[in-house]
Every structure is written in C-alpha cells, then in structure tokens.
Amino acid sequence: MQVHYLEFVTPDVDVVCETLSQLHGVAFEPGDPVLGNARTATLAGGGKIGVRAPMHETETPIVRPYMLVDDIDAAVASAEKAGGEVAVAPMELPGHGKCAIFFQGGIQHGLWQV
C-alpha cells in the first residue's frame, strides 16, 4: 500500500503550505487548476502533497490520502463490494492519472491510478 497523493483541504492554504514547508522541507508549486488549484509539493518517494481551498461552501476541511492502485475501476468495485459508498467515481485528471473517492467507516478514502 502506497500513498500517492495526500490532499489537504483548508481555508488557510498559504498558512498550511508554509507550516508543511518548514516541518518537512518541501517546496510548494503555484496552484494546479487540474487539481482544484491545489498547491503541490513532490515527496521523496515520488508521491505528492496537495493543499487547496474548499471548492464549494459545503466542503469542510479534511486530510484525504489517495492510495495508489493498478486498476482504479477494479479497486472501486472492490470497495463497493466491501460496503464502501462511492462519492466520486473514477475520473481522469489530465496529466495526473485517474482518481476516485469512497466513504466507509466515517472515513473518506481516495484511490489513484497513474
């Protein structure tokens, strides 16, 4: 199991980026429109951190890990079979791969295929 993308949703994007930069020595890029204008930083293991503002007024702050999978459609089907509720079906993010989100046990789980 490998975290490919760690997403922080917060109204305080600059503050969180600065804190993560100081704590972990990462450098954040300007906002990426494909990732909801998330400011991203590449991690040593090849994954990324993304920090973005909520995209609508009902989206609350959250930290959501996206686990790397070989076949996102099969992974989503497995999550559903195990009782997960798909919140975001697999979708293409140009230049980044595909992602999906499911809810289970009160937790938002992200999946990512490159």
Side-chain angles (χ1 to χ4, degrees):
M1 190 165 42
Q2 178 183 343
V3 175
H4 179 71
Y5 187 69
L6 185 59
E7 180 177 46
F8 290 74
V9 177
T10 175
D12 299 316
V13 172
D14 291 335
V15 171
V16 171
C17 287
E18 181 62 29
T19 300
L20 292 171
S21 291
Q22 289 181 18
L23 287 173
H24 303 290
V26 295
F28 284 87
E29 299 291 327
D32 184 334
V34 175
L35 300 175
N37 287 317
R39 293 185 56 197
T40 60
T42 301
L43 303 174
K48 286 190 174 198
I49 292 177
V51 182
R52 67 169 176 82
M55 292 194 290
H56 50 83
E57 65 182 46
T58 60
E59 186 174 30
T60 58
I62 190 168
V63 176
R64 181 186 303 118
Y66 288 80
M67 304 309 237
L68 189 60
V69 296
D70 292 327
D71 182 337
I72 199 162
D73 295 314
V76 168
S78 291
E80 285 183 298
K81 185 176 180 183
E85 177 186 338
V86 176
V88 177
M91 66 179 192
E92 184 76 32
L93 298 172
H96 297 284
K98 290 182 177 182
C99 76
I101 300 170
F102 70 95
F103 300 162
Q104 189 174 40
I107 298 171
Q108 293 188 24
H109 304 263
L111 301 170
W112 204 289
Q113 177 186 325
V114 290

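Keep in mind that what you see is a predicted model, and the values were worked out from it rather than measured. Computed over heavy atoms, backbone and side chain alike; hydrogens, waters and symmetry mates excluded.
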Is it true that Arg52 and Glu7 make a salt bridge, defined as a side-chain N closer than 4.0 Å to a carboxylate O? yes
Can you tell me how far apart [atom1] ([X]) and [atom2] ([Y]) are? Round to the nearest 0.5 Å.
X      : Y     : atom1 : atom2 : result
Leu43  : Ile49 : CG    : CD1   : 4.5 Å
Phe8   : Ile62 : CZ    : CD1   : 11.5 Å
Leu111 : Tyr66 : CG    : OH    : 9.5 Å
Asp14  : Arg39 : CG    : CZ    : 5.5 Å
Leu68  : Tyr5  : CG    : OH    : 14.5 Å

Please determine whether residues [X] and [Y] belong to a single hydrophobic cluster, defined as Ile, Leu, Val, Met, Phe, Trp and Tyr linked transitively by side-chain heavy-atom distances below 4.5 Å.
X     : Y     : answer
Val13 : Val9  : no
Leu6  : Leu35 : no
Val63 : Leu20 : yes

Heavy-atom pair with the smallest gap, counting every atom of Asn37 and Pro33: OD1-CA, 3.4 Å
Tell me, do Phe28 and Thr40 make a side-chain contact under 4.5 Å, heavy atoms counted? no
Pro61 side chain reached by Pro11 side chain, heavy atoms, under 4.5 Å: yes
Sequence neighbours excluded, the answer for side-chain hydrogen bond (donor to acceptor under 3.5 Å, both in side chains) partners of Gln22 is Glu18
Is a side-chain donor or acceptor of Asp71 paired with a backbone partner of Ala74 at a separation under 3.5 angstrom? yes
Filter on side-chain hydrogen bond (donor to acceptor under 3.5 Å, both in side chains), then keep only pairs touching residues 105-114, sequence neighbours left out; what's left? Arg64-Gln108
Enumerate donor-acceptor pairs with a distance under 3.5 Å from any side-chain N or O in residues 82-105 to protein atoms, sequence neighbours excluded.
from	atom 1	to	atom 2	distance (Å)
His96	NE2	Asp32	OD2	2.9
Gln104	NE2	Ala82	O	2.7

